[in-house]
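Here is the naming used below: chain letters follow the sequence lines, and residue numbers restart at 1 for every chain. The model shown is predicted, which means the values in this text are computed figures rather than measured ones.
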Amino acid sequence: MAGESTDRVVDEDNGSGHDKDNDNDTLKYQLLGPSLTKAGQDAVDQQKVSEIIYNASKGSKFFNHEQERDRNQTLKIERIAAEKVRLEKLDLSYDLRRADEYLAELELTRDLSQYVIHVDCDAFFAAVEELDRPELKTVPMAVGKGVLTTCNYVARKFGIRSGMASFVAKKLCPQLVLLPSNYEKYTAKATEIRKILAQYDPLFESASCDEAYLNITAYCDENQMDPEDAVQSLRSEVLENTKISVSAGIAPNAKIAKISSNINKPNGQFRVANERTAVMEFMQSLPCRKVNGIGRVFERELDSIGIKTCGDIYPHRAVLTKLFGEKAFQFLAQCYLGLGRTNIEPVETHERKSVSTETTFHEIGDKEELRAKLRWAAEEMEKDLTRTQFKGRTLCLKVKLHTFEVLTRQTAPPRAVSQAKDLYTYALPMLIKLEKEIPGMKLRLLGLRCSNLVTTKKTGLNFFGFTTQPKPPTVELPEPNKEHEIGAEEAFEAAARQEVQDEMNDLEQLSQEAVIPGPSAPTIETGPVEEPPAQWECPICSKPQVADDRGFNDHVDFCLSRQTIREATQDTHSVVDEPSLAIAASRKRKPVNTGGQEDPRQKRLFFR
DNA sequence: ATGACGTCG
DNA sequence: AAAACGACGTCAT
């Protein structure tokens, strides 16, 4: 049973001292995973499921990390609840009036003229697999390796959900069939489905592989059709032609359509009429958690002040800004009123903000192995950047420690980067810094992300009728050279331990070869983008740097090789500079906000 | 700007 | 024994 509240190592990092025994309840709820609200779980005994998950997890590093998070969240919501009590003793008439004014203002923006629908495939990945192997329809089955991405409805009866660790799922249902995911197959199927969706709204918006928003107002007009009939026909058309069942929500805006598509899942639809009363009524009893954007954490925080449904927001409107911030208040106000966006547009019109790659692996502490992982990530990243036709002005390294703690470090190279060699060159110093900050660092994940993107697409060149050749922008090196480059990169670190001079020569050669060669680009380099010569400082020695006219700078390579040598020769006897030590020491002590400090409340903002 | 964190599918 | 990945967004500093 749930008796013991685990043996807490209570040391000085816990200023508040006290610890509720019922912490386990929230923790267990947390462990149930993020998709508790998904369909197919209604008949499941969640108590029992939660016990099993808890027992399967107990003591693991993952569990300990979740426990830590849960503790912090609990502290935070205690502060929120206490603050709310304090606020309510004050005169809130000003806040009340402001809230009401905002609500009135929002009300004027209400648009009930559009039919927006959200289409959602039922257990999509699992359904696609079942097409190939119909015998799986009757047995519990899930897709995904370490973590499940989807499971069929038979599996859901056992309490299995997407996002669940597969070994936990096996505990809940030993006969569960696990399939590896096959994204090509799923995207191919998704393309078939989208072809049909396009007939109903050519400007539909793919929200993900298996979801889409459509505005069918025009379609209904032109065909003199009721939206429900239109969606009925859309769904049967999809089912007949692709053998995939989909559910749909029909509503005056995207927010409500999204919620509605879940209501009669699987293979069903639900409509909220385009009338104010229908909308208000629908929201009134709707649990906040169902709204896209309110997750497990915010749900708990809202619950702690007595808000469970969207209707509960109204009576609390006067304190929301002070407790959660202006943006959160505005978002909640829209939830209460059931407002949402009505303009649906193709996802291609959105500009991408970042490109990233990351992988999880067995715990690694060995420095060489970590570099190999970083190199691999850099290569993956280069592929992704090539495919998406971007370079990154800023580069971010992400690691997850063996404790599941996640850290990120970012840097702004002197020029936008896209080649594996450069990605590696600029990421490695960040990794090295982390290794210094965290003695004995062991990782279970490593990833890279590029943001501040610069497009390498050759756009706008065809106003004289020139067809833009869709040639991939990276034409730098013939294949064999790439191999050589990687090999040399390995050699780099090894050689660094021996002779600086020789190494520098090698590096110079490498740089000459690897850096963007002007002549091989026949057309204008990268169309419209004019990269400003960023000012930048070396992540190792912090000296200000200037990029040369090829866009790069050998200083980092140089500094890096010195660094590597120092590490190799003096490793045990630490030359580690004091600041790093200070950071390392302070890391573990969480910023326990001491008494006098006011208002540590976290604010959040949602889209739009 | 940078890093932590929340959220979604 | 064992808990993903990629993308987006905020906030505090």
Side-chain angles (χ1 to χ4, degrees), chain A residues 30-31 33-35 37-38 53 56-57 59-66 69 72-73 76 120-121 123-125 143-150 161-171 180-181 183 186 206-212 258 262 289 291-301 324-328 331 347 350-363 380-381 384 388 393-400 404-412 430 434 444-445 447-453 534 536 587 590-591 593 599-608:
Chain A
Q30 198 78 3
L31 286 168
S35 58
T37 60
K38 297 296 180 239
I53 297 177
S57 310
S60 68
K61 289 177 175 175
F62 175 78
F63 178 91
N64 292 338
H65 184 251
E66 288 298 299
R69 277 176 33 151
N72 291 334
Q73 275 171 30
K76 189 165 143 204
D120 196 345
C121 302
F124 185 53
F125 295 174
V143 177
K145 275 262 143 62
V147 157
L148 311 183
T149 63
T150 331
R161 281 181 293 268
S162 60
M164 184 175 275
S166 46
F167 80 95
V168 173
K170 280 280 189 183
K171 278 248 159 59
S181 45
Y183 286 97
Y186 311 144
S206 301
S208 71
C209 185
D210 68 334
E211 280 179 49
K258 164 81 179 160
N262 239 313
R289 182 66 160 84
V291 178
N292 217 314
I294 299 182
R296 286 183 287 177
V297 173
F298 201 17
E299 177 191 35
R300 269 187 73 185
E301 293 176 4
F324 302 114
E326 184 64 20
K327 296 300 176 72
F331 177 78
V347 69
H350 305 161
E351 59 164 334
R352 183 193 277 271
K353 299 288 200 309
S354 69
V355 177
S356 70
T357 178
E358 67 187 52
T359 48
T360 296
F361 36 74
H362 65 277
E363 284 176 16
E380 285 304 296
M381 192 66 176
D384 290 349
T388 55
R393 274 207 185 81
T394 85
L395 175 64
C396 175
L397 174 75
K398 169 176 172 179
V399 301
K400 194 185 283 183
F404 284 85
E405 189 179 358
V406 175
L407 304 174
T408 59
R409 292 294 180 270
Q410 84 182 50
T411 185
M430 297 191 276
L434 283 171
R444 73 183 325 278
L445 173 148
L448 291 175
R449 181 173 70 247
C450 280
S451 51
N452 251 308
L453 299 180
W536 187 77
R587 276 191 67 262
K590 291 282 171 171
N593 237 327
D599 199 273
R601 283 180 323 249
Q602 203 156 300
K603 303 184 174 114
R604 56 185 79 52
L605 164 60
F606 302 93
F607 22 84
R608 264 141 237 263

Of the listed nucleotides ([options]), which one gets closest to any side-chain atom of [X]?
X: A:R352; options: C:dC11, B:dG9, C:dA7; answer: C:dA7
X: A:N292; options: B:dG9, B:dG3, C:dA4; answer: B:dG9
X: A:V297; options: B:dC8, C:dC8, B:dT7; answer: B:dT7
X: A:T360; options: C:dC5, B:dC8, B:dG3; answer: C:dC5
X: A:L407; options: C:dC11, B:dC8, B:dA4; answer: B:dA4
X: A:K258; options: B:dC8, C:dA2, C:dC8; answer: B:dC8

Over how many whole Å does the gap from [X] atom [atom1] to [N] atom [atom2] extend?
X: A:K76; N: B:dG6; atom1: NZ; atom2: P; answer: 6 Å
X: A:Q73; N: B:dG6; atom1: CD; atom2: P; answer: 6 Å
X: A:F404; N: C:dA1; atom1: CZ; atom2: P; answer: 14 Å
X: A:D210; N: C:dG6; atom1: CG; atom2: C1'; answer: 15 Å
X: A:E211; N: B:dC8; atom1: CD; atom2: P; answer: 11 Å
X: A:M381; N: C:dA7; atom1: CE; atom2: P; answer: 8 Å
X: A:Q30; N: B:dT7; atom1: CD; atom2: P; answer: 9 Å
X: A:F324; N: B:dG6; atom1: CZ; atom2: P; answer: 14 Å

Distance test, side-chain N/O of [X] to OP1/OP2 of [N], below 4.0 Å:
X: A:R69; N: B:dC5; answer: no
X: A:N452; N: B:dA1; answer: no
X: A:T359; N: C:dC5; answer: no
X: A:T357; N: C:dG6; answer: yes
X: A:S354; N: C:dA7; answer: no
X: A:R296; N: B:dG6; answer: no

Can you find a pair of side-chain heavy atoms, one from A:R296 and one from A:Q73, that are under 4.5 Å apart?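 No, their side chains stay 4.5 Å or more apart.
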
Heavy-atom side-chain proximity of A:L395 to A:M430 below 4.5 angstrom: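 The answer is yes, as the side chains (C-beta and beyond) meet within the 4.5 Å cut-off.
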
Judged by each residue's nearest nucleotide on DNA chain C, which is more toward the 5′ side, A:K400 or A:S356?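 Between the two, 5'-proximity favours A:K400.
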
If you pin A:F361 and A:E358 to their nearest nucleotides in DNA chain C, which one's is more 5'?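 Per heavy-atom nearest nucleotide, the more 5' residue is A:F361.
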
Going by the rule ring pair (Phe, Tyr, Trp, His ring centres under 6.0 Å), which residues pair with A:F62 if we only count those two or more places apart in sequence or in a different chain?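 Counting only residues at least two positions away or on another chain, A:F62 forms a ring pair (Phe, Tyr, Trp, His ring centres under 6.0 Å) with A:F404.
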
State which residues pass salt bridge (charged side-chain N to carboxylate O under 4.0 Å, His left out) with A:K170; sequence neighbours excluded, sorted by chain then number.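 A:K170 satisfies salt bridge (charged side-chain N to carboxylate O under 4.0 Å, His left out) with no other residue.
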
Gap between atom CD1 of A:I294 and atom CZ of A:F331 - 0.5 Å precision: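 Result: 5.0 Å between the selected atoms.
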
With heavy atoms under 4.0 Å as the rule, sort [X] into base, sugar-phosphate or nothing.
X: A:L148; answer: nothing
X: A:S57; answer: base
X: A:V291; answer: sugar-phosphate

Under 30°, 30 to 60°, or over 60°: which ring-plane class applies to A:F125 and A:Y186, parallel, tilted or perpendicular?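 Parallel.
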
Find which nucleotide of DNA chain B each of A:T394 and A:R449 is nearest to by heavy atoms, and output the residue with the more 5' nucleotide.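 Going by which nucleotide is closer to the 5' end, it is A:T394.
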
